[in-house]
Amino acid sequence: MTVPVLSTDIDEQKHVNNTVYLRWVQDVATAHWKSLASVEAQAAIGWVVLRHEIDYRSPASLGDEIVLRTWVGQASRLKFERFTEIHRKSGRSDAESSGGDIDPPKDGFSVANMQLLAEGRTLWVPIDVRTGKPTRVSAELRAQFST
């Protein structure tokens, strides 16, 4: 998923505010869920965050194009661990973009020439959309998302 850095994303330090990174984590997780889950699963299961962790490596700035990548790690019946990487696709010269360890992902999506800006780990809890209470996720659905 690719997103532009907008002027409204910039804070007083002239770089992307940390709350925007959190929004991007949420947006790519939602897009991933909607792209893989059945219509029935989407109608029955909602998601709430139990915990967010974000490690910031380098700031994003106005004009940057951001590539968001996510995948599910461990998934149990009541908790999904989701990882997110935030990369800069454009907006800086190669000299300005050096640094950071970027390993080619297992899914074939190449980020080798992009700078890693942040990494996130989120724990999500599935909820029954009718009751708002935690609900168990089937083994089949877990397998569809787990690495």
Side-chain angles (χ1 to χ4, degrees), residues 1-13 15-92 97 100-147:
M1 179 175 175
T2 304
V3 295
V5 173
L6 306 173
S7 61
T8 54
D9 297 334
I10 304 301
D11 64 17
E12 296 81 20
Q13 286 76 38
H15 58 67
V16 171
N17 187 275
N18 62 316
T19 61
V20 175
Y21 288 83
L22 192 58
R23 185 184 76 223
W24 290 338
V25 166
Q26 174 90 22
D27 289 350
V28 73
T30 300
H32 187 241
W33 167 250
K34 289 181 176 181
S35 74
L36 293 178
S38 68
V39 173
E40 295 80 16
Q42 290 180 49
I45 300 170
W47 295 91
V48 295
V49 171
L50 183 62
R51 178 184 182 92
H52 279 299
E53 300 170 8
I54 299 177
D55 294 321
Y56 299 95
R57 306 287 183 216
S58 186
S61 302
L62 186 62
D64 286 345
E65 190 172 4
I66 304 301
V67 175
L68 306 172
R69 188 172 164 270
T70 192
W71 64 96
V72 173
Q74 291 186 344
S76 68
R77 294 187 307 171
L78 288 172
K79 195 183 307 180
F80 275 55
E81 174 187 50
R82 180 178 286 280
F83 295 95
T84 303
E85 290 179 345
I86 300 171
H87 294 266
R88 176 181 296 113
K89 182 176 181 182
S90 63
R92 303 281 177 112
S97 296
D101 295 327
I102 301 173
D103 296 324
K106 297 177 184 103
D107 63 6
F109 181 80
S110 177
V111 291
N113 294 323
M114 298 182 214
Q115 184 180 14
L116 180 64
L117 302 179
E119 297 172 284
R121 177 180 173 266
T122 304
L123 297 180
W124 293 86
V125 175
I127 59 165
D128 182 314
V129 296
R130 293 173 293 118
T131 66
K133 295 185 180 194
T135 189
R136 288 181 168 82
V137 174
S138 71
E140 294 79 22
L141 187 60
R142 288 194 313 270
Q144 188 176 356
F145 283 88
S146 296
T147 55

Open item on the list: Pair Arg69, Thr84 - check side chain to side chain contact (heavy atoms under 4.5 Å, CB included), show working.
Closed with: CA-CA 6 Å; Arg69 188 172 164 270; Thr84 303; over 6 Å; no
Task: Check against side chain to side chain contact (heavy atoms under 4.5 Å, CB included), Asp128 and Lys133 - done: CA-CA 6 Å; Asp128 182 314; Lys133 295 185 180 194; 5.5 Å; no
Task: Approximate separation, where rounding is to 0.5 Å, of Gln74 CD and Leu123 CG - done: 10.0 Å
Task: Considering all heavy atoms, the nearest Phe80-Ser76 contact - done: CE1-O, 3.6 Å
Task: All ring-ring contact (aromatic ring centres under 6.0 Å, His included) counterparts of His15, not counting sequence neighbours - done: none
Task: Flag side-chain contact, heavy atom, 4.5 Å: Val16 against Ile10 - done: yes
Open item on the list: With heavy-atom distances below 4.5 Å as the criterion, would you say the side chains of Arg82 and Val72 are in contact?
Closed with: yes
Task: Val5 and Ser61: CA distance, side-chain angles, deciding distance, side chain to side chain contact (heavy atoms under 4.5 Å, CB included) verdict - done: CA-CA 7 Å; Val5 173; Ser61 302; over 6 Å; no
Task: Name of the residue among Lys89, Arg88, His87 meeting side-chain hydrogen bond (donor to acceptor under 3.5 Å, both in side chains) with Asp64 - done: Arg88
TODO: Output all residues satisfying salt bridge (charged side-chain N to carboxylate O under 4.0 Å, His left out) with Asp11, sequence neighbours left out; order by chain, then residue number.
DONE: none
Task: Gap between atom CG of Leu62 and atom OG1 of Thr8 - 0.5 Å precision - done: 9.5 Å
Open item on the list: Rounded at 0.5 Å granularity, tell me how far CZ in Arg142 sits from CZ in Arg77.
Closed with: 7.0 Å
- [ ] Check for a donor-acceptor pair, side chain of Thr135 on one end and backbone N or O of Ile127 on the other, with a separation under 3.5 Å.
- [x] no
TODO: State, to 0.1 Å, how close Phe83 and Gly73 come at their nearest heavy-atom pair, and which atoms those are.
DONE: CE1-CA, 3.9 Å
Task: Closest contact, heavy atoms only, Ile66 versus Ala60 - done: CD1-CB, 4.0 Å
Open item on the list: Is there a side chain to side chain contact (heavy atoms under 4.5 Å, CB included) between Val67 and Glu65? Walk through the geometry before answering.
Closed with: CA-CA 7 Å; Val67 175; Glu65 190 172 4; 5.8 Å; no
- [ ] Taking all heavy atoms of Asp9 and all of Trp24, pick out the closest pair and write down the distance.
- [x] OD2-CZ2, 4.2 Å
Open item on the list: Tell me the closest heavy-atom pair linking Pro134 and Leu78, and the distance in Å.
Closed with: CB-CD2, 4.3 Å
Task: Which atom of Ser58 lies closest to which atom of Tyr21, heavy atoms considered - done: O-OH, 3.7 Å
Show me the side-chain donor-acceptor pairs of residues 36-54 shorter than 3.5 Å, one per line, residues at least two apart or across chains.
unit_1, atom_1, unit_2, atom_2, d
Ser38, OG, Glu40, OE1, 3.4
Ser38, OG, Ala41, N, 3.0
Gln42, NE2, Lys34, O, 3.2
Gln42, NE2, Ala37, O, 2.9
Arg51, NE, Glu53, OE2, 2.7
Arg51, NH2, Glu53, OE2, 3.4
His52, ND1, Thr122, OG1, 2.9
Glu53, OE2, Arg121, NH1, 3.2

Open item on the list: So, taking the atom named NE2 in His32 and the one named CG in Leu68, what distance separates them when rounded to the nearest 0.5 Å?
Closed with: 12.5 Å
